[in-house]
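Please read these numbers as outputs of a predicted model, since none were measured by experiment. Ligands are counted one by one from 1 in listed order, and the atoms in each one are counted from 1 as well.
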Amino acid sequence: METTQQSEHQLHSATNGQSTPEPAVTIPAEHPLKTSNHEPLTTNVGQPIATDQNSLRAGERGPTLLEDYVLREKLQHFDHERIPERIVHARGAAAHGFFQLYDSLEDLTTAKVLTDTSAQTPVFVRFSTVAGSRGSADTARDVRGFAVKMYTTEGNWDIVGNNIPVFFIQDAIKFPDLIHAAKPEPDREIPQAATAHDTFWDFISLTPESMHMVMWIMSDRTLPRSFGMMEGFGVHTFRLVNAKGESTFVKFHWKPLLGVHSLVWDEAQQIAGKDADFHRRSMWDSIKAGNFLEWELGIQTLPEADEQKYDFDILDATKLWPEELLPVRRVGKMTLNRNPDNYFAETEQVAFNTTNVVPGIDFSNDPLLQGRNFSYLDTQLSRLGSPNFTELPINRPRCPVSNNQRDAQMRHTIDKGRVSYAPASLDGHSPDEVTPARGGFVSYPASVNGPKVRARSQSFDDHYGQAKLFWNSMSGSEKEHIVKALQFELSMVETRTVRQRMLKHLLQINHVLAEQVASALGELVADGHNPAQSRGTADSIAGVHLLAGATSETTASGGVQQSKALSMQDQPTSAKGRKVAILVANDVDSWQVATLQEALQRAGSKSDLVGLHIGRIQGHGGTLEVTKTLANSSSVLYDAVFVVGGPGAAALQHKGDAHVFVAQAYKHGKPVAATGEGVDLLTAALPTEAFHHKLGVIAEQHAAHQQQAIKQFVDIVGTRHWNRPDLEHV
Ligand code: HDD
């Protein structure tokens, strides 16, 4: 039976032609839910089906009959199950939740969602990668989409953002070129979900405006640890408009309460093979376990009068507003607390649109935004097949909808009456326009004048200034990761002139950066030094120091030379939302396993017992339930590793897979701990320096101190240790 809060039909009677108009049936607050537990099996028109195991045929060994409408209906429906995947952001995962405002922003806007602190606004948020197909891996190096749909009382408000605050291009007319260059190359359909190929870097190296974005995508920001550990950005400058009709420019931010954290490239590549669903699984599991994902909504505001105040143009989507100039004010919190019921109906069919704004929120003239304002509706029409896609449960506003739009494919609403036009005087007449005083949307009356030109303002011309700001703001190890990412990506480019063109751009951003990248490409940078000889990267620690000191004078940044907000170095860390591998074997200390698991659970971490086989094993002091094996998991799927002591732990020392497990965790900067006999595995698998420096490696042989070791470990579960020596030799 259908469990539904929806009435039989959606009936609109505002245009009712009968003498007594019937009240409009309000749109259901939620979507119809259907479960199929022990219900009678039927055809799509409700005829009970007696057998679904065999088609209708002439004789048991004879041909299938055309008459078999049950077979035909089932196959026909199946044959049409797919819809076109999104041209970009095809791979995504989503969750439901709500937004709650802290303080009213009525001095800035009339939008009820930003003025009513008592309202809990339902939200649906979809995270995505950009370039890969629907079946590609979650951990590809890529920008992440961060699309928020708020079902406000004044209509749907979508912030269709990314986890990076700037974009590749300044004008939407370049978007198809950018995406064609990034997607698999058209003759060979290679590579999938990767920018490390010729066409991407060819386009980028010929598009200097992309250089700021290039620094972001080559940083660890494109390797998020989880969706809940990413920032979100509306990217463009929007407007807030208050009751007096005054406009304030605004940028929207989502700040994760868990802090911003990332994987490393080697790890991300391995995860793509070990668990291509790493991010969606992590979000699903967290929400299911009651560890909800939380962000604060932040706003940066700029008075209309200050539009031209800075040396960057606020209409240029390749520029951010440094938080040192315009601080982020946190105004509310979004919580994702419910997994979707059905991937296709919700996550696949959700349709975001940058034009979905509410009264009190308006657009700026950012040419990228203006183009997007055309593209999203257009794409939904081909993706979802009909202008009635707004009637799909996931897209339907939770406030009344009423207008004279009619018909088209798959119309669900049954509009009653004779009137579907305005003005109309027949009884029932058209829905009334809403005056601004009663909350009707009016566009901010910005003055516009100028000749019609296909040209960009000179104020968009600085392409390197904020790339330098981003570079300067990175810690030494963050810079090292950028260098390595560029070395990797450009070394995959087959065409030498493209690689060389990119080096010229990098040279404009920072000399040391360009030299270090050039060293991996066998190139000399412009001044003729052989970088491989002059500034080798063989000693990683020395390389990090060198990079930390390498800065460039910024421009287009309001004078800001370095911005703390751009680095992930000092982000809050905790065990919350993390996952720990506990390596076990027969006869390990069961009491210690239980103590550790409890401590981790209290701290908000999930843990798996990883052993030589799944199922029950006999621990020292009790049985243990092992859920993962060294063969079916890997340290890359965890944030930290603990090897539990006890007489049986010695067995792990002789397992190659166990060595690889802890050695890789060490290489990726993760906390590694062992107690009692478990320490032998660390001694065998890790370099001797690992213990001397105590850099996130806890080795506690004495039974009396094991409690203390567990506490220390839980405290650092969420921390990566980038300054470990000798990583290249692990
Ligand atoms: Fe876009 C999808 C974010 C520029 C055209 N975009 C899409 C999604 C996100 C973004 C998060 C996925 C929404 C979902 O989960 O369904 N896009 C951005 C950001 C941009 C941006 C932050 C720059 C600031 N996009 C952009 C431009 C254009 C598009 C300049 C075209 C002129 N984007 C699309 C699209 C998509 C899309 C083709 C594909 C699927 C969809 O819209 O629904 O229309």
Side-chain angles (χ1 to χ4, degrees), residues 83-96 123-134 138 142-150 156 158-183 207 209-210 212-213 216-217 221-222 224 227 230-238 251-254 279-280 283 314-320 336 340 343-356 363-364 366-385 389-390 392 394-395:
I83 61 170
E85 69 172 34
R86 291 165 171 84
I87 165 70
V88 281
H89 298 267
R91 180 165 181 83
H96 292 272
V123 301
F124 189 67
V125 182
R126 183 174 180 273
F127 305 101
S128 47
T129 52
V130 179
S133 299
R134 235 187 97 175
D138 277 352
D142 203 348
V143 181
R144 295 302 186 284
F146 193 125
V148 179
K149 187 180 284 297
M150 300 213 203
N156 290 352
D158 294 354
I159 306 181
V160 198
N162 280 340
N163 74 330
I164 291 180
V166 289
F167 203 62
F168 293 95
I169 46 170
Q170 297 171 321
D171 189 319
I173 201 166
K174 298 303 301 165
F175 191 69
D177 300 298
L178 166 71
I179 300 306
H180 287 171
K183 283 271 179 181
T207 309
E209 74 205 57
S210 65
H212 184 197
M213 182 71 169
W216 281 85
I217 61 166
R221 294 274 180 159
T222 42
F227 295 141
M230 301 192 312
E231 277 180 294
F233 303 91
V235 181
H236 308 284
T237 298
F238 288 86
K251 290 234 188 220
F252 296 109
H253 298 245
W254 294 107
H279 284 138
R280 62 170 63 170
M283 178 161 72
I314 63 157
L315 302 183
D316 175 356
T318 68
K319 305 294 184 298
L320 50 78
L336 298 186
Y343 185 90
F344 180 81
E346 301 178 272
T347 310
E348 194 58 17
Q349 294 200 115
V350 66
F352 293 92
N353 189 345
T354 49
T355 53
N356 289 352
F363 313 111
S364 71
D366 173 346
L368 195 71
L369 175 60
Q370 299 272 325
R372 290 181 77 193
N373 282 348
F374 162 74
S375 200
Y376 286 74
L377 172 62
D378 193 40
T379 211
Q380 311 311 350
L381 294 178
S382 78
R383 206 166 67 79
L384 299 166
F389 70 86
T390 50
L392 291 170
I394 196 65
N395 295 324

Does at least one non-hydrogen atom of [X] fall below 4.0 angstrom from an atom of ligand 1?
X: Gly161; value: yes
X: Phe374; value: no
X: Lys174; value: no

Whether over 12 other heavy atoms sit under 6.0 Å from Phe374 CZ: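 Result for CZ/Phe374: open.
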Report yes or no: does [X] contribute a side-chain atom to a donor-acceptor pair with the main-chain N or O of [Y] at less than 3.5 Å?
X: Arg280; Y: Gly92; value: yes
X: Asn395; Y: Ala351; value: yes
X: His212; Y: Thr318; value: yes

Starting from [atom], which protein heavy atom do you reach first, and at what distance in Å?
atom: atom 16 (O) of ligand 1; answer: Arg86 NE, 2.8 Å
atom: atom 15 (O) of ligand 1; answer: Arg126 NH1, 2.7 Å
atom: atom 43 (O) of ligand 1; answer: Gln380 NE2, 2.8 Å
atom: atom 13 (C) of ligand 1; answer: Phe352 CD1, 3.8 Å
atom: atom 41 (C) of ligand 1; answer: Thr379 CG2, 3.3 Å
atom: atom 22 (C) of ligand 1; answer: Asn162 ND2, 3.1 Å

Parallel, tilted or perpendicular: rings of Phe227 and Phe127 (30°, 60°):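 Answer is parallel, since the angle falls under 30°.
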Plane angle bin for Phe233 and Trp216 - parallel if under 30°, tilted between 30 and 60°, otherwise perpendicular: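 Aromatic pair Trp216/Phe233 classed perpendicular.
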Heavy-atom pair of closest approach, residues Ser364 and Gln370: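 Answer, listing the atom of Ser364 first, then Gln370: O-NE2, 2.8 Å.
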Minimum heavy-atom distance Ala172-Gly371, with the two atoms named: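 Shortest heavy-atom separation between Ala172 and Gly371 comes out as CB-CA, 3.4 Å.
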With a cut-off of 4.0 Å, which atoms of ligand 1 are near a heavy atom of [X]?
X: Ile87; answer: 38 (C)
X: His236; answer: 24 (C)
X: Leu368; answer: 23 (C), 24 (C), 30 (C)
X: Phe146; answer: 11 (C)

Qualifying residues under salt bridge (Lys or Arg N to Asp or Glu O under 4.0 Å), relative to Asp316, sequence neighbours excluded: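 Testing Asp316 for salt bridge (Lys or Arg N to Asp or Glu O under 4.0 Å), a comparison that skips the adjacent residues, returns Lys319.
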Phe233, portion touching ligand 1 at heavy-atom distance under 4.0 Å: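 Neither part.
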Under 2.8 Å from atom 1 (Fe) of ligand 1 - protein N/O/S, by chain and number: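 Less than 2.8 Å away from atom 1 (Fe) of ligand 1 sit Tyr376 OH.
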Audit row: Glu231, Arg221, salt bridge (Lys or Arg N to Asp or Glu O under 4.0 Å) steps and yes/no: CA-CA 9 Å; Glu231 277 180 294; Arg221 294 274 180 159; 2.6 Å; yes
From Leu368 atom CG to Thr354 atom OG1, the distance as rounded to the nearest 0.5 Å: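 It is 9.5 Å, given to the nearest 0.5 Å.
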Nitrogen or oxygen of Arg383 less than 3.5 angstrom from that of ligand 1: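 For ligand 1, there is no N or O atom that lies under 3.5 Å from one belonging to Arg383.
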Salt bridge (Lys or Arg N to Asp or Glu O under 4.0 Å) assessment of Glu348 paired with Arg86: CA-CA 9 Å; Glu348 194 58 17; Arg86 291 165 171 84; 3.6 Å; yes
Between Asn353 and Thr355, a side-chain donor and acceptor under 3.5 Å: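 The criterion, which ignores hydrogens and geometry beyond distance, is satisfied for Thr355 and Asn353.
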